[in-house]
Amino acid sequence: MRFSKLFGKTLRQAPAEAESISHQLLVRAGMIAQEAAGIYSYLPLGWRVLRKIENVIRDEMDKVGGQELMLPVLQPFELWQQSGRDIAFGKSLFTLTDRKDHMLALGPTHEEVITDLVHRYVQSYRELPLLLYQIQTKLRDEPRPRGGLLRVREFIMKDLYSFDADEAGLDESYRKMCQAYKNIYARLGLPALMIEADSGAIGGKDSHEFMVITEDGEDEVIHCSSCGYAANVEKAQSAKSLVSIHRSSESSQAKAKSMLPLEEIATPGTKTIEEVADFVGVPASQTLKAVFYFADGEFVFVIIRGDLEVNETKLRNALRCSDLRLATEIEVIGAGIVAGFASPIRMKRVKVVADDSITLGSNFIVGANKPGYHFRNANYPRDFQADLITDIALAKPGDSCPKCQGKLASARGIEVGHVFKLGTFISEKFEASFLDNDGKSRPITMGCYGIGLGRLLAAIVEKSHDANGIIWPLSVAPYQVYICPLSLDKPAVLPTAEEIYQALQREGIEVLFDDRDDSPGIKFNDADLLGIPLRLTLSPRTLQSQSVEAKWRAEKKARLLPLENLAPQVKRLLNHEASLNLEYHH
RNA sequence: CGGGGCGUAGCGCAGCUGGUAGCGCGCAGCGUUCGGGACGCUGAGGUCGGAGGUUCAAGUCCUCUCGCCCCGACCA
């Protein structure tokens, strides 16, 4: 490609709205252009990168036996009603009506369509397992697109669905897919961490996300440096026992003995946990905190140890509700609760959900549901009950690791892949079943596996750039070589560059030829901004010694290559680099 | 949906207490330059996001509206 003919323009300054590094660099390099919030065009350079990423993914999917197909973007709305996910997706689902007033959804994902399809084709266990995938545009009306390509409303995604006869089969498909994902990230030069993830209120049992740790990421990852435990904060656990060894070895009888009689104490003007704890003279972990929610319209009293925070994702899952919001103070009062002195002990009957932390301690301070009063020595279950006791606490940096008691830390990450064990939830809704070898009908066990291509592209830029621009790994670079002739008006420069351009292309090398009559500064800066891996510079100076200068984008130093037989030399350099990368990753 | 910010030339911005729009980059032409964003001269490009209002007069003041960005809520 001749630079002078390339559609797209490099910018010295990024648009003001570009905040994240990847957004700035991709726009400045002329790779993407914004159309509306969360809607982008890929310009020729960006599209070349995207197609390369796509081919790496396709290659790895095919290697594990995936079969590529193409499902429709327009989906009958009935399919979403059938799975019940029209409600779960809510407003994120783009819908429209056709000329006959028939409602259609623009596919945000394709479990419904593919399960409906598989249900019509698969009858026997002999046809399983099955791995079907597509690489296609997805549409989601995200409440808040952000960060350039990091979160958008229209994006290209590879989604694969696995269909197995049983859990064991699913486990095997899941394992294969995780390995394939790791291969993909390795080939793209992307350090991705596999972490435990939340699978949502109607998801299956296991779910993992692949995270690239970077400041511009929008997810929070909680991880332990001593044992490698890592999870999305939505899912992460932390050890809640404050004096773990002592307390876990304590018998329940000893605990019962240590319970003191419940006692009402005056705590005037103490509304917050800090005020109460200070007033009474105990740590926050010796108090109980009450928080109030509406879950699908039902008032819920949530109780948790005073030093912990509620993890709303966990709470939503525990309640199996789709809509969860904090109750307003007026609603709390309306439920007969004395705000600031709320108590599970002295109140009218409402649903109570407790964090399991309340079972780990004893003799807590808790509200008395009476203005200006708290109880001392509240103990579960002696003094109050709960409808549900489970882990609903938010893990925080500094907490103890649930696996090894090491210290947890927090980091920001970009989710570059998400895999789920769906189980039979969706196949049952669509009656996607098969006959096993005993002639019995059983639902197909499903898994789904997604990678967003644009986000992957952005993540690569986030992780691989310097002050001058992008540094593409060879595997996805829009071009492999950048030919940079200087002083075009001097004899031999342009004709020689032209010859090299032709010769490299004959070797099958992808070349961007900077044939513009511009100053060296402009050319070098653009070459750096675009991030083409190998730059070949020729000028009257290098031609004097019958050579060109070769420089890797990622390196400082350059070397001279003789003009004689240049193309095979460049080919060898590129092959060597490619093999180094593979070795490094495997 | 809550909070904050911003819409003036392709991009980055200036334009105060109202007086009829400017700078840098980029773009076009000519000339001089040519190893890390060179220089001179000439030139093209704007219904100041939109609608309504106040005023002799609105980019500037008022009302409404649309769009974009950030934080949060939300998020298979």
List every contact pair, protein side and nucleotides 25-35 of chain B side both N or O, where the distance is under 3.5 Å.
from, atom 1, to, atom 2, distance (Å)
rC34(B), O2', Ser487(A), OG, 2.3
rC34(B), N4, Asp489(A), OD1, 3.3
rC34(B), N4, Asp489(A), OD2, 3.3
rG35(B), N7, Ser539(A), OG, 3.0
rG35(B), O6, Ser539(A), OG, 2.6
rG35(B), N1, Glu549(A), OE1, 3.1
rG35(B), N2, Glu549(A), OE1, 2.4
rG35(B), N2, Glu549(A), OE2, 3.0

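Taking atom C1' in both rC39(B) and rC25(B), the straight-line distance is 15 Å, to the nearest Å. Separating the P atom of rG29(B) from that of rC62(B) is a span of 46 Å, rounded to the nearest Å. As rounded to the nearest Å, rC70(B) and rG12(B) have P atoms that lie 14 Å from one another.
When the C1' atom of rA76(B) is taken as reference, atom CZ of Phe94(A) falls 17 Å away, rounded to whole Å. Asn232(A) has its CG atom 12 Å from the P atom of rC75(B), to the nearest Å. Between Leu324(A) atom CG and rC75(B) atom C1' the separation is 14 Å, expressed in whole Å. Distance CZ (Arg516(A)) to P (rA38(B)): 12 Å, rounded to an integer number of Å. Rounded to an integer number of Å, the gap from CD of Glu17(A) to P of rG12(B) is 6 Å.
Taking side-chain N and O atoms only, Arg151(A) has no distance below 4.0 Å to OP1 or OP2 of rC74(B).
Side-chain atoms of His418(A) and Glu415(A) form a donor-acceptor pair, as typed in the model, at a separation below 3.5 Å. One side chain, Arg535(A) or Thr537(A), offers a donor N or O that lies under 3.5 Å from an acceptor on the other. In the model, Glu312(A) has a side-chain atom that pairs as donor or acceptor with a side-chain atom of Tyr293(A) under 3.5 Å. Looking only at atom types and distance, the side chain of Trp80(A) has no donor-acceptor partner in the side chain of Glu112(A) under 3.5 Å away. If you check the side chains of Thr424(A) and Glu428(A), you find a donor sitting under 3.5 Å from an acceptor. Between the side chains of Asn468(A) and Asn525(A), not a single donor N or O lies within less than 3.5 Å of an accepting N or O. A side-chain donor from one of Asp515(A) and Ser4(A) sits under 3.5 Å from a side-chain acceptor of the other.
Counting any heavy atom pair closer than 4.0 Å across all strands shown, Pro145(A) reaches sugar-phosphate atoms only and no base atom. Counting non-hydrogen atoms under 4.0 angstrom, Arg144(A) reaches a base of the nucleic acid. Heavy atoms of Ala14(A) sit under 4.0 angstrom from primed sugar atoms or phosphate atoms, though from no base atom. No engagement by Gly447(A) is indicated, since no non-hydrogen atom pair under 4.0 Å with the nucleic acid exists.
Salt bridge Glu218(A)/Arg412(A): absent, no basic N to carboxylate O contact under 4.0 Å.
Only Arg28(A), Gln34(A), Ala36(A), Ala37(A), listed by number, bring a heavy atom of residues 26-43 of chain A to less than 4.0 angstrom from any atom of RNA chain B.
If Pro143(A) and Asp526(A) are placed on RNA chain B by their nearest nucleotide, the residue sitting closer to the 5' end is Asp526(A). If you find the closest nucleotide of RNA chain B to Pro108(A) and to Ala16(A), the one lying nearer the 5' end belongs to Ala16(A).
Ile195(A) places none of its side-chain heavy atoms less than 4.5 Å from the side chain of Ile222(A). Looking only at side-chain heavy atoms (C-beta outward), Val300(A) and Phe292(A) stay at 4.5 Å or farther from each other.
Comparing atom distances between the Glu234(A) side chain and each of rC75(B), rG12(B), rG37(B) picks out rC75(B) as nearest. Candidate nucleotides rC11(B), rA73(B), rA76(B) were compared by shortest atom distance to the side chain of Pro15(A), and rC11(B) ranks first.
Side-chain atoms of Arg325(A) and base atoms of rA73(B) include no donor and acceptor less than 3.5 Å apart.
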